[in-house]
S.K.: 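First the structure, then my questions, so here it is.
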Amino acid sequence: QVQVVESGGGSVQAGGSLRLSCAASGYTHGRACMGWFRQAPGKEREGVATIRTDYDFKYYADSVKGRFTISQDNAENTVYLQMNDLKPDDSAMYYCAARLLPRYACTLMGDEYDYWGQGTRVTVSS
């Protein structure tokens, strides 16, 4: 059974940094889209970043470009989201999601992802 587990959330002041981790298990092939999404109270879910694990393609939402970096450790089946220069608007529950054996490019459309973690909360104070 495929499982996705996030960790690394917390509370920081504006301008600070956090690194989120996403550990995936239950599949052995190397072709997947691993995405980070976030949802703040009263707002719609937003795609933040995604990575295609077989050829390291990365894609970011405009709102985080230049501040967030997605990366992977294939040996550990883990994806990371390094978040720098955090802003209060970045406060949200962050979710990691997996889309296995994608035929096309990875996107930030949450409906295309099949497996989701429980989320980790990020709070940025001004």
Side-chain angles (χ1 to χ4, degrees):
Q1 182 177 355
V2 177
Q3 288 190 319
V4 177
V5 180
E6 308 95 337
S7 61
S11 297
V12 295
Q13 290 191 326
S17 299
L18 282 173
R19 188 177 82 155
L20 306 183
S21 299
C22 172
S25 62
Y27 67 95
T28 56
H29 59 78
R31 181 157 59 107
C33 296
M34 297 297 297
W36 284 99
F37 297 81
R38 66 187 181 186
Q39 188 166 21
K43 294 187 177 181
E44 292 188 356
R45 183 178 62 196
E46 175 189 17
V48 174
T50 185
I51 186 168
R52 172 119 176 203
T53 59
D54 51 344
Y55 56 83
D56 209 39
F57 168 82
K58 303 171 186 179
Y59 183 69
Y60 299 91
D62 288 342
S63 58
V64 306
K65 209 171 288 183
R67 300 187 298 121
F68 291 11
T69 302
I70 191 169
S71 62
Q72 62 177 328
D73 182 337
N74 283 340
E76 297 293 331
N77 246 17
T78 299
V79 172
Y80 302 97
L81 185 69
Q82 177 66 43
M83 306 186 295
N84 297 329
D85 191 23
L86 282 160
K87 306 176 186 301
D89 283 349
D90 295 318
S91 297
M93 186 72 82
Y94 282 71
Y95 299 91
C96 182
R99 175 185 168 194
L100 305 185
L101 297 173
R103 294 182 64 186
Y104 305 109
C106 299
T107 73
L108 294 177
M109 302 293 291
D111 291 346
E112 295 180 358
Y113 290 75
D114 305 304
Y115 303 95
W116 291 78
Q118 294 299 308
T120 185
R121 185 170 298 280
V122 172
T123 303
V124 184
S125 57
S126 57

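Not measured: the values here are computed from a predicted model.
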S.K.: Should K87 and D90 be marked as a salt bridge (Lys or Arg N to Asp or Glu O under 4.0 Å) after you check the CA-CA gap, both sets of side-chain angles, and the distance that decides it?
M.R.: CA-CA 5 Å; K87 306 176 186 301; D90 295 318; over 6 Å; no

S.K.: Within a strict 4.5 Å, meaning less than it, do heavy atoms of the F37 and V48 side chains meet?
M.R.: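 No, side chains not in contact.
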
S.K.: Measuring only between side-chain heavy atoms, which start at C-beta, is W36 closer than 4.5 Å to V79?
M.R.: yes

S.K.: What is the distance from atom CE of M83 to atom CZ of R67, rounded to the nearest 0.5 Å?
M.R.: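 Going from the CE atom of M83 to the CZ atom of R67 covers 9.5 Å.
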
S.K.: V5 versus Q118: any side-chain heavy-atom pair under 4.5 Å?
M.R.: no

S.K.: Quick one, L81 with F68, criterion side chain to side chain contact (heavy atoms under 4.5 Å, CB included). Give me CA distance, side-chain angles, the key distance, then yes/no.
M.R.: CA-CA 7 Å; L81 185 69; F68 291 11; 4.2 Å; yes

S.K.: Looking at I70 and M34, what are the two nearest heavy atoms and their distance?
M.R.: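 The pair with the smallest heavy-atom distance is CD1-O, 3.7 Å.
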
S.K.: Would you tell me whether S63 and E46 have side-chain atoms, one donor and one acceptor, within less than 3.5 Å of each other?
M.R.: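 The answer is yes; a qualifying pair exists.
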
S.K.: Roughly how far, to the nearest 0.5 Å, is the CD atom of E44 from the CZ atom of R38?
M.R.: 13.5 Å

S.K.: Side-chain donor-acceptor pair under 3.5 Å between T69 and Y80, yes or no?
M.R.: no

S.K.: Roughly how far apart are S126 OG and D89 CG, rounded to 0.5 Å?
M.R.: 10.5 Å

S.K.: Return yes if some donor-acceptor pair links the side-chain N/O of R52 with the main-chain N/O of Y104 below 3.5 Å, else return no.
M.R.: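 Checking the backbone N and O of Y104 against the side chain of R52, a donor-acceptor pair under 3.5 Å is found.
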
S.K.: Would you say that K58 contacts T50 through its side chain, given a criterion of any heavy-atom pair below 4.5 Å between the two side chains?
M.R.: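 A side-chain contact is absent here, since even the closest heavy-atom pair is not under 4.5 Å.
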
S.K.: Evaluate the side-chain proximity of L100 to Y115: yes if any heavy-atom separation is below 4.5 Å, no if none is.
M.R.: yes

S.K.: Hey, could you give me each pair passing salt bridge (Lys or Arg N to Asp or Glu O under 4.0 Å) that has a residue in residues 105-114? Not counting sequence neighbours.
M.R.: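 Residue pairs passing salt bridge (Lys or Arg N to Asp or Glu O under 4.0 Å), neighbours aside: R45-D111, R99-E112.
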
S.K.: What is the minimum heavy-atom distance between Y113 and C106, and which atoms define it?
M.R.: OH-CB, 4.4 Å

S.K.: What heavy-atom pair brings V4 and C22 nearest, and what distance separates the two atoms?
M.R.: CG1-SG, 3.3 Å

S.K.: Within the distance-only criterion (no hydrogens, no angle test), does the side chain of S91 pair as donor or acceptor with the backbone N or O of T123 below 3.5 angstrom?
M.R.: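 Not confirmed, S91 side chain does not pair with T123 backbone.
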
S.K.: Please walk me through it: do D73 and T78 pass side chain to side chain donor-acceptor pair (under 3.5 Å)?
M.R.: CA-CA 5 Å; D73 182 337; T78 299; over 6 Å; no

S.K.: Assess the residue pair S21 and E6 against the criterion (side chain to side chain contact (heavy atoms under 4.5 Å, CB included)); give the C-alpha distance rounded to whole Å, side-chain angles, the decisive distance to 0.1 Å, and a yes or no.
M.R.: CA-CA 6 Å; S21 299; E6 308 95 337; over 6 Å; no

S.K.: Write down the atom of G119, the atom of M93, and the distance for their closest heavy-atom approach.
M.R.: C-SD, 3.8 Å

S.K.: Side-chain contact test, heavy atoms from C-beta onward, threshold under 4.5 Å: evaluate it for T107 versus Y59 and give yes or no.
M.R.: no

S.K.: Does any N or O in the side chain of R121 come within less than 3.5 Å of the main-chain N or O of G10, such that one atom is a donor and the other an acceptor?
M.R.: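 It does not hold such a pair.
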
S.K.: Would you name the heavy atoms of P88 and A14 that are closest together and state the gap between them?
M.R.: CD-CB, 4.1 Å

S.K.: Do I51 and F57 have side chains that get closer than 4.5 Å, going by heavy atoms?
M.R.: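 Side chain of I51 against side chain of F57, heavy atoms only: no contact under 4.5 Å found.
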
S.K.: Minimum heavy-atom separation for N84 to S17, with atom names?
M.R.: OD1-OG, 2.9 Å

